[in-house]
2 protein chains.
Amino acid sequence: MERPVIPLGKPRGERADAARNRERLLDTARGMIAEHGAEKVTMDGLAERAGLGKGTVFRRFGTRAGIFRALLDADERRFQEQVLSGPPPLGPGADPVARLIAYGRARIAFLLDHHVISRAALDRAQPVPAGDASVSQIHIRMLLDLAKVPVPDLNGLSIQLTAALEGPLLLYLSMPETSTPPSMDAGRYLGDSWQALIERITH
Amino acid sequence: MERPVIPLGKPRGERADAARNRERLLDTARGMIAEHGAEKVTMDGLAERAGLGKGTVFRRFGTRAGIFRALLDADERRFQEQVLSGPPPLGPGADPVARLIAYGRARIAFLLDHHVISRAALDRAQPVPAGDASVSQIHIRMLLDLAKVPVPDLNGLSIQLTAALEGPLLLYLSMPETSTPPSMDAGRYLGDSWQALIERITH
DNA sequence: AACATAAACGGACTTTACCCCGCTTGCAAC
DNA sequence: GTTGCAAGCGGGGTAAAGTCCGTTTATGTT
């Protein structure tokens with residue numbers, strides 16, 4: 001009879017059908033991207049192919065970009081695991097400068113791998129899939145701190161380094177010459193540049 | 001009677017009415033942005049308010065983002081004039097490192113001023129209004145070269161510095177703390193960070 | 001098992017970017 | 001002034017994003 005004063009210890013987690021449908025939608029989206037490219041993924045199309053209503057798709061992901069962000073999140077989580085507890089030099093254990101360099105190279109490879117989805121996750125209404133960049137930024141700041149880089153403003157530097165790392169790929173700033181899609185060469189090129197930048201900054 | 005082999009020395013420049021209409025559209029767009037913000041500028045609305053057809057708007061600017069790019073271009077040109085032939089330290093005449101710092105500060109101020117339009121000019125189909133970034137990049141590369149910064153890859157560094165400079169504002173990467181729109185403080189903050197970064201890189 | 005309720009669902013509806021194509025017009029050559 | 005025509009114009013048409021709201025359903029409670 002009596003109603004507990006605070007009846008919601010947990011906000012009553014996601015319903016089972018909802019979870020199932022989310023997976024189904026993500027799978028379907030992956031399939032559509034593989035088949036026809038990210039550009040061709042429409043909300044109607046996705047809904048229909050997944051056998052669900054359009055309203056459901058929007059309820060789940062809010063916006064078109066949201067789908068791609070969700071897709072990224074999964075891989076992003078795996079990436080972070082490597083960074084947080086994988087083997088050195090990416091993971092903990094190595095010299096912070098070496099880790100910074102390794103992080104940059106790994107991140108570039110990751111963004112290169114995911115650049116189609118990353119770009120599709122961009123959204124002029126809420127442009128930065130904040131998760132990605134922030135995590136990079138926090139990690140970079142931590143490593144700079146560990147490396148004892150003497151700099152007046154650690155926060156500012158980490159913002160800029162994050163931008164220097166992710167900007168070229170997210171903004172698709174000019175690769176060396178070509179305007180063709182990024183290749184493995186580009187990864188090597190950007191990785192080397194990153195290393196040079198870090199070495200220069202850390203003396 | 002005889003038809004010249006190459007009758008089109010010049011591709012017959014823009015027609016007078018077209019030029020007039022472009023100006024009219026840009027003015028109208030500026031007005032609408034000032035009144036209701038960039039988000040509220042729709043192609044139909046713009047066309048109607050300018051007393052023109054929707055088709056005309058698209059013929060002129062190609063895409064919605066194109067309008068904002070055109071708007072930026074005008075101011076961008078004035079900015080570049082300052083950089084190319086204004087007084088030092090922004091213009092020529094000062095020490096390259098000082099110019100690099102001045103350029104960054106000026107650019108940050110410019111982007112802050114125009115951040116609404118800049119952001120609106122972003123377009124997931126062709127994301128970087130290539131003009132802006134490239135010009136920054138070329139200028140930065142030139143100054144780095146003048147400064148004789150000994151770096152294995154000048155091009156790579158200039159790409160990264162450009163991203164470091166423009167990325168935070170274009171991507172709206174996290175400002176210090178707030179998620180509120182960028183303020184003058186942000187400009188100072190980013191400017192100081194930029195200066196520190198440049199000083200560190202150039203020893 | 002029946003119930004209450006919040007969450008999820010679906011699809012019609014609205015809005016907006018962008019395309020198409022027949023009509024009009026500025027411009028230059030005669 | 002007439003004429004040829006490429007360029008410009010306009011507005012109806014399409015497709016896709018995002019909103020709304022009435023209906024259905026999972027889940028915790030009695």
Side-chain angles (χ1 to χ4, degrees), chain A residues 1-25 28-29 32 36-70 120-126, chain B residues 1-25 28-29 32 36-70 120-126:
Chain A
M1 207 79 259
E2 60 188 36
R3 194 146 58 93
V5 185
I6 300 173
L8 353 120
K10 53 203 149 176
R12 207 189 213 184
E14 184 178 53
R15 248 164 64 170
D17 53 346
R20 197 167 353 105
N21 284 341
R22 178 176 51 240
E23 285 315 311
R24 186 198 198 87
L25 283 168
T28 307
M32 292 177 78
H36 308 105
E39 303 302 300
K40 290 288 180 52
V41 177
T42 75
M43 302 305 257
D44 291 306
L46 177 59
E48 187 179 7
R49 181 154 156 181
L52 296 168
K54 189 159 44 148
T56 305
V57 179
F58 277 95
R59 155 170 293 265
R60 276 300 121 215
F61 301 108
T63 124
R64 195 188 114 102
I67 290 173
F68 296 101
R69 236 176 283 144
L122 245 34
D123 179 356
R124 98 173 157 292
Q126 184 77 37
Chain B
M1 209 76 260
E2 59 189 36
R3 194 144 60 91
V5 184
I6 301 174
L8 352 122
K10 53 205 150 174
R12 208 189 212 184
E14 185 178 54
R15 248 164 64 169
D17 52 346
R20 198 169 349 107
N21 284 341
R22 178 176 49 240
E23 286 315 312
R24 184 197 200 88
L25 283 169
T28 307
M32 293 177 77
H36 308 105
E39 302 302 301
K40 289 288 180 52
V41 178
T42 74
M43 302 305 258
D44 291 327
L46 176 59
E48 186 179 8
R49 183 156 156 181
L52 296 168
K54 203 184 352 175
T56 304
V57 179
F58 277 95
R59 156 170 291 266
R60 275 303 120 215
F61 301 108
T63 116
R64 197 188 111 102
I67 290 172
F68 296 101
R69 235 175 285 145
L122 246 36
D123 179 357
R124 100 173 156 289
Q126 185 77 39

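Any value given below was found using the heavy atoms of this structure, including those in side chains, with hydrogens, waters and symmetry copies removed. Residue numbers begin at 1 in each chain, while the letters A, B, ... track the order of the sequences.
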message = Please convert DNA chain C into dot-bracket. A pair counts if it is Watson-Crick or G-U wobble with both distances under 3.5 Å; crossing pairs go in [ ] and bases paired with another strand get |.
response = ||||||||||||||||||||||||||||||

task = Using atom CZ of A/Arg20 as one end and atom C1' of D/dA26 as the other, report the distance to the nearest whole Å.
result = 10 Å

message = In whole Å, I'd like the distance from the CD atom of B/Glu48 to the P atom of D/dG10.
response =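 Those two atoms, CD and P, are 13 Å apart.
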
To the nearest 0.5 Å, what is the distance between [atom1] ([X]) and [atom2] ([Y])?
X: A/Leu25; Y: A/Met43; atom1: CG; atom2: CE; answer: 9.0 Å
X: B/Ile67; Y: B/Leu46; atom1: CD1; atom2: CG; answer: 5.0 Å
X: A/Met32; Y: A/Thr42; atom1: CE; atom2: OG1; answer: 5.5 Å
X: B/Leu52; Y: B/Arg60; atom1: CG; atom2: CZ; answer: 10.0 Å

key: Nucleic acid footprint by protein, nucleotides 8-21 of chain C - heavy-atom cut-off 4.0 Å, B for base, S for sugar-phosphate alone   = BBBBBB---SB---

query = Nearest heavy-atom pair of A/Ala120 and A/Ala38: which atoms, and what distance?
reply =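 Closest heavy-atom pair between A/Ala120 and A/Ala38: CB-CB, 4.3 Å.
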
query = For the residue pair B/Ala121 and B/Ala65, what are the closest heavy atoms and their distance?
reply = O-CB, 3.6 Å

task = Would you please name every residue forming a salt bridge (charged side-chain N to carboxylate O under 4.0 Å, His left out) with B/Arg49, sequence neighbours left out?
result =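 Applying salt bridge (charged side-chain N to carboxylate O under 4.0 Å, His left out) to B/Arg49 gives B/Glu35.
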
inquiry  = Between A/Phe61 and A/Arg69, is there a side-chain heavy-atom distance shorter than 4.5 Å?
reply    = no

